[in-house]
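Down below is the structure, laid out as structure tokens.
Numbers here simply count residues along the sequence, with the first being 1. Hydrogens, waters and symmetry mates are skipped; everything else that's a heavy atom, side chains included, is used.
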Amino acid sequence: GLDGGELPMLETLSLKNVRVTENRLDGVMKEFSSALRASAVPRLKFLNMRGFRAAYESYIGGEGADALIAALTAEGRPSLERMCPSITLRSVKEETARVVGSG
């Protein structure tokens, strides 16, 4: 799995229009975000999450968005060149909103 670091050659990860069976994305995004480390996916350049959603949520928000943005701005993150997220700033921490707003 991704958490074990078995994907050292992965350059593109597209989760476009993936619908998870969970009712909420927070737990799914926390687990996924914890695996977004350069040591796990050292060559990851493109992450497409447009349309990634759960049964009752159309966008990543709240704790899930906080976890994703924290992972993508942390030391040891993969050096993405491009990312296409579906994020809402509803219910996110102020720090997350600032990071997203600053580009």
Side-chain angles (χ1 to χ4, degrees):
L2 193 60
D3 196 39
E6 294 91 13
L7 299 171
M9 303 302 285
L10 182 70
E11 293 183 9
T12 298
L13 178 59
S14 180
L15 301 172
K16 183 178 180 181
N17 296 324
V18 169
R19 187 173 193 172
V20 297
T21 58
E22 301 292 321
N23 288 335
R24 295 190 40 97
L25 287 173
D26 288 346
V28 173
M29 289 313 306
K30 286 179 184 178
E31 286 189 43
F32 177 75
S33 298
S34 70
L36 281 176
R37 301 179 317 277
S39 60
V41 285
R43 295 186 178 170
L44 186 64
K45 299 293 180 206
F46 177 56
L47 177 60
N48 185 356
M49 299 184 75
R50 214 170 277 284
F52 183 81
R53 61 189 184 279
Y56 298 105
E57 294 178 321
S58 297
Y59 297 95
I60 301 164
E63 293 177 11
D66 289 335
L68 179 62
I69 297 304
L72 294 174
T73 57
E75 191 171 316
R77 68 186 175 273
S79 56
L80 293 176
E81 294 175 1
R82 186 167 172 227
M83 180 181 165
C84 298
S86 291
I87 293 178
T88 180
L89 297 179
R90 187 177 341 148
S91 302
V92 298
K93 295 178 185 174
E94 184 176 333
E95 180 181 336
T96 300
R98 286 184 189 179
V99 169
V100 172
S102 68

Where is the tightest heavy-atom contact between [X] and [Y], given as atom of each residue plus distance?
| X | Y | result |
| --- | --- | --- |
| R50 | P85 | NH1-O, 3.9 Å |
| A38 | R77 | CB-O, 3.4 Å |
| L15 | M49 | CD1-CE, 4.3 Å |
| V92 | A65 | CG1-CB, 3.7 Å |

Kindly work out whether a path of hydrophobic side-chain contacts (I/L/V/M/F/W/Y, heavy atoms less than 4.5 Å apart) joins [X] to [Y].
| X | Y | value |
| --- | --- | --- |
| F46 | L72 | no |
| L80 | L7 | yes |
| L25 | Y59 | no |

Atom [atom1] in [X], atom [atom2] in [Y]: separation rounded to 0.5 Å?
| X | Y | atom1 | atom2 | value |
| --- | --- | --- | --- | --- |
| K16 | N48 | NZ | CG | 6.5 Å |
| I69 | S33 | CD1 | OG | 8.5 Å |
| E11 | L13 | CD | CG | 12.5 Å |
| L47 | T12 | CG | OG1 | 9.5 Å |

Can you list everything that forms a side chain to side chain donor-acceptor pair (under 3.5 Å) with R43? Sequence neighbours excluded, please.
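Result, side chain to side chain donor-acceptor pair (under 3.5 Å) vs R43: none returned.
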
Verdict with reasoning, M83 to L68, per side-chain contact (heavy atoms from CB on, under 4.5 Å)
CA-CA 12 Å; M83 180 181 165; L68 179 62; 3.6 Å; yes

Is there a side-chain contact between R53 and I60 in this structure, where contact means two heavy atoms from C-beta onward sitting under 4.5 Å apart?
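A side-chain contact is absent here, since even the closest heavy-atom pair is not under 4.5 Å.
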
Name all residues meeting the salt bridge (charged side-chain N to carboxylate O under 4.0 Å, His left out) criterion together with D66; count only those two or more places apart in sequence or in a different chain, and write none if there are none.
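Not a single residue meets the salt bridge (charged side-chain N to carboxylate O under 4.0 Å, His left out) criterion with D66.
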
Backbone of [Y] reached by a side-chain donor or acceptor of [X] within 3.5 Å:
| X | Y | value |
| --- | --- | --- |
| D26 | G64 | yes |
| S34 | E31 | yes |
| S86 | G51 | yes |

Decide yes or no on side-chain contact (heavy atoms from CB on, under 4.5 Å) for V20 and F32, but give the supporting numbers first.
CA-CA 12 Å; V20 297; F32 177 75; over 6 Å; no

Evaluate side-chain contact (heavy atoms from CB on, under 4.5 Å) for S79 paired with K45, printing each intermediate quantity in order.
CA-CA 6 Å; S79 56; K45 299 293 180 206; 3.0 Å; yes

